[in-house]
Structure formats: C-alpha cells, structure tokens
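Any value given below was found using the heavy atoms of this structure, including those in side chains, with hydrogens, waters and symmetry copies removed. In listed order, ligands and their atoms are each counted from 1.
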Amino acid sequence: MAVRASAMVKPARRTLLHLQVLRSTQLSPHFRRVTVGGGDIDGFTPMGFDQWFRLFLPTGNAAALDRIPAKAHETLGYLRYLAMSDRPLMRNYTVRGHRALSTHGPQIDIDFVVHGPTDDPTRSAAAWAAHCSPGDRLAIIDEGIGFNPERGVDDVLLVADETGLPAMSGILASLPASARGLAVCEVPDAEDRLEVESPRGVEVRYLVRAHDTPVGQQALSAVDGGGVPGHAWVAGEQGLVSGARRALVGRGLSTGQISFCSYWKLPRHQRVG
Ligand SMILES: Cc1cc2nc3c(=O)[nH]c(=O)nc-3n(C[C@H](O)[C@H](O)[C@H](O)COP(=O)(O)OP(=O)(O)OC[C@H]3O[C@@H](n4cnc5c(N)ncnc54)[C@H](O)[C@@H]3O)c2cc1C
C-alpha cells in the first residue's frame, strides 16, 4: 500500500477497539455492507472523508483477537502481531458511514467488495464479510484520512475502482456544498453503481467495466481525457493509482495536489498504467 504518509491526517487517538457485527446486507452483486458496533465503539471518533482503519478478523479462534497487541500499528506491536501463531487477518477498510445517535449506540458501516472464493470465511476479509453474522467479533485501529487538499481548494477530481467507492462516497459527503469537479468510479457491474450523496457541482460518473477489460483501464482513460483540477484523489488497484498519478503529474499537478493510495494489487502483467 503506497500512501503519501506525510499528507495523512492521523486521528488524535489510535488504539485497538473491539467490536461486534450488528448486521450485514447484500447491497449489489459485488458489495456487502457489514454494520458493526458494541464493545469499544464509544472510543471511535469519526473524521469523515476517506477515513480508514486496520481491520482484524479471526482466522478460527475468536479469542486470538484478545491477544492482538494494542499498538499493532507500530513497529514493535506489529512484530508481536506477526509472531502470533493464530494471528487474525489484518486488512485495511474504510468508514462508509457512522451513526452516532442510533438507539443501540454508535454504528459503523463497512462496504466490502466481495471478490474471489468465498467458501472459507477465514481465508480473506471478503469471504468473512460474505459469511459473518450478528455477534461475530472483530477489532479495528483507526488510521485517519488520506484526502488532504490545501485549505480552500474545492475543485476536485476523484478517481477510484470499486474498492475506493466507500472512500469516494465519504469524501463526496464531506466536501463543502461549494465543491465542484468530477468523481469517476469504475465498477464491475451496472448494479454496483450505488447511490452517493454529493455536492451539486461535482459530477459523479460511473463506468461499468466492460467484459475482458483490465481493472482500472476505463477509469484511467477518464483521467487522461479530463481537465486539470485543483486537487486530485486516486484510490484502487495499484496500476490505476500509479498510472493516474503519472498522467496528472504530466498535466502539471504538483505531487502535493494529489492524494493517492494503492488499495490492492493485481499481478504485474495484469495491471494497467
Ligand atoms: C486505505 C484503504 C482502504 C480500503 N477500503 C476498502 C473498502 O472500504 N472496501 C473494500 O472492499 N476494500 C477496501 N480496501 C481494499 C482492501 O483492503 C483489499 O482489497 C484487500 O486486499 C481485501 O482483502 P481480502 O482479505 O479480501 O483479500 P486478500 O487476501 O488481501 O487478497 C486475496 C487475493 O485477492 C486479490 N484481491 C484483493 N482485493 C481484490 C478486489 N477488490 N478485487 C479483486 N481481487 C482482489 C488480491 O490481489 C489477492 O490475489 C482498502 C484498502 C486500503 C489500503
């Protein structure tokens, strides 16, 4: 994962929070929403935009979650986490929604892209999301925001594949009403064009991936053919992210005008960009 770390806005408090699944819903062919809360949820502070977190999921014995080092995001804690024989899966996910005032306490929505084989829930986060049920345990460590334009810049270009749709939706919902620009999201299926709330001046453009077209190719073409924004944000498969970043720098954007994060990786020969 390549994050422009210097530009990230870190949360004031970063600690391991133990939570539970409250419910899960299939939103579309490739998106499953898992709503979590309970446990330590009061310790979570929502920041909006593309706020993300490290997610820990049990690979069998749920009690292993109790032995994750509280500072698993720091070098020493991470090494101790790696040394666990029954270490939980650790993956990165986005706060798609946060409701503070729900009757059952605060809740966080996580939108999982369901990909690959889902028969074994201990094999991947996607498979866990496909199988989880209310009461199942998980843990998170808040990591803050990656989208970080200079103050006052509200002319944006947002580009993502499906894994970046939750973050793009969070950014669109957090931008000021005066924001303008373009948000391009490439999704695998027409039914994955989930409804998003956005400022009136930002056009949301979904591109449905054509059969046999490499992931990110259509989103990358939209970057190549677009104008020059005040700030760009790109997230998704590594080839899309590096290709879009190169194209934007080529069009004169400084590196400080681009927030980018590679969310996942295809084998090199399958990548665009
Ligand atoms: C900051 C950040 C925020 C993120 N937010 C989200 C989010 O909100 N929702 C979300 O769905 N993802 C999100 N991702 C991406 C997610 O972390 C990765 O897709 C992750 O690899 C999924 O873990 P897994 O255990 O399901 O698959 P893994 O075990 O990591 O991967 C198994 C195989 O599947 C491939 N793979 C991984 N993801 C995909 C995919 N989406 N489509 C096709 N093949 C894939 C891998 O290349 C690998 O070959 C985010 C990533 C980052 C860095």
Side-chain angles (χ1 to χ4, degrees), residues 1-5 7-11 14 24-36 46-59 73 87-98 108-132 138 140-148 158 160-173 185-189 192 194 196 209 213-217 219 233-242 259-272:
M1 180 186 67
V3 185
R4 202 162 55 90
M8 298 212 325
V9 184
K10 286 289 173 197
R14 267 164 103 194
S24 68
T25 321
Q26 194 71 32
L27 299 177
S28 70
H30 294 91
F31 281 104
R32 188 157 188 90
R33 175 164 297 169
V34 180
T35 300
V36 302
M47 299 168 74
F49 294 96
D50 56 340
Q51 184 175 9
W52 60 286
F53 50 83
R54 285 169 206 250
L55 169 66
F56 297 90
L57 302 170
T59 48
H73 56 289
R87 81 172 165 268
L89 278 184
M90 183 176 77
R91 299 288 187 267
N92 302 311
Y93 278 84
T94 304
V95 179
R96 171 61 187 92
H98 178 272
I108 294 173
D109 291 330
I110 312 169
D111 286 0
F112 289 82
V113 173
V114 180
H115 66 88
T118 54
D119 48 312
D120 175 2
T122 65
R123 181 175 169 154
S124 70
W128 175 88
H131 287 268
C132 70
L138 61 140
I140 66 169
I141 297 179
D142 187 6
E143 289 290 345
I145 296 174
F147 178 79
N148 189 20
L158 312 178
D161 65 18
E162 60 270 31
T163 59
L165 180 56
M168 179 182 278
S169 308
I171 293 170
L172 288 168
C185 187
E186 185 185 300
V187 290
D189 192 293
D192 294 316
L194 302 181
V196 295
R209 189 172 303 134
T213 305
V215 172
Q217 185 167 292
W233 171 90
V234 190
E237 201 286 320
Q238 179 162 317
L240 165 63
V241 174
S242 53
S259 308
F260 63 95
C261 185
S262 164
Y263 276 15
W264 63 287
K265 275 187 201 175
L266 279 167
R268 187 172 288 279
H269 68 279
Q270 291 175 22
R271 281 183 217 154
V272 295

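- Atom numbering of ligand 1 starts at 1 in the shown order; those under 4.0 Å from a heavy atom of R91 are 23 (O), 24 (P), 25 (O), 28 (P), 29 (O), 30 (O).
- Checked against side chain to side chain contact (heavy atoms under 4.5 Å, CB included), H30 has the following partners two or more places apart in sequence or in another chain: P188, D189, D192.
- Using the six-membered ring where Trp is involved, F49 and F147 have ring planes that are parallel, under 30° apart on the 30 and 60° scheme.
- For D111, every heavy-atom contact with ligand 1 shorter than 4.0 Å involves the backbone, none the side chain.
- Not a single donor-acceptor pair under 3.5 Å links the side chain of E143 to the backbone N or O of W52.
- Considering backbone and side-chain N/O of C261, none are found under 3.5 Å from N/O of ligand 1.
- At a 3.5 angstrom cut-off on N or O pairs, N92 counts as close to ligand 1.
- Contact annotation for K265 and ligand 1: only backbone heavy atoms (N, CA, C, O) come within less than 4.0 Å of the ligand.
- H73 places no side-chain N or O within 3.5 Å of a backbone atom of D142 that could act as its donor or acceptor partner.
- In this structure a side-chain-to-backbone donor-acceptor pair under 3.5 Å is missing from D111 to F31.
- Of the listed residues (Y263, F53, W264), the one carrying the non-hydrogen atom nearest atom 52 (C) of ligand 1 is Y263.
- Considering backbone and side-chain atoms together, H115 places an N or O closer than 3.5 Å to an N or O of ligand 1.
- In summary, the atoms of ligand 1 found under 4.0 Å from a heavy atom of V113, numbered by their order in the structure, are 10 (C), 11 (O), 41 (N).
- Here E237 does not pair with K265 in a salt bridge; the nearest charged N to carboxylate O distance is not below 4.0 Å.
- When only interatomic distances are considered, the shortest N/O to N/O separation between L89 and ligand 1 does not fall below 3.5 Å.
- Residue P166 touches ligand 1 through its side chain alone, judged by heavy-atom distances below 4.0 Å.
- Only the side chain of W52 comes within contact range of ligand 1, with a heavy atom under 4.0 Å; no backbone atom does.
- Between W233 and I171 there is a side-chain heavy-atom pair separated by less than 4.5 Å.
- R91 places no side-chain N or O within donor-acceptor distance of the main-chain N or O of A125, the cut-off being under 3.5 Å.
- To the nearest 0.5 Å, atom CD1 of residue I145 and atom OG1 of residue T94 are 11.5 Å apart.
- Taking every heavy atom of Y93 and a limit of under 4.0 angstrom, the matching atoms of ligand 1 come to 4 (C), 5 (N), 6 (C), 7 (C), 8 (O), 9 (N), 10 (C), 11 (O), 12 (N), 13 (C), 22 (C), 23 (O), 26 (O).
- In the vicinity of S124, heavy-atom distances shorter than 4.0 Å reach the ligand 1 atoms 24 (P), 25 (O), 26 (O), 27 (O).
- Here's the thing with F112: none of its N/O atoms is less than 3.5 angstrom from an N/O atom of ligand 1.
- Atoms of ligand 1 lying under 4.0 Å from any heavy atom of A126, numbered from 1 in the order shown and given with element: 26 (O).
- With rounding to the nearest 0.5 Å, the separation of OH in Y93 from CG in L138 is 12.0 Å.
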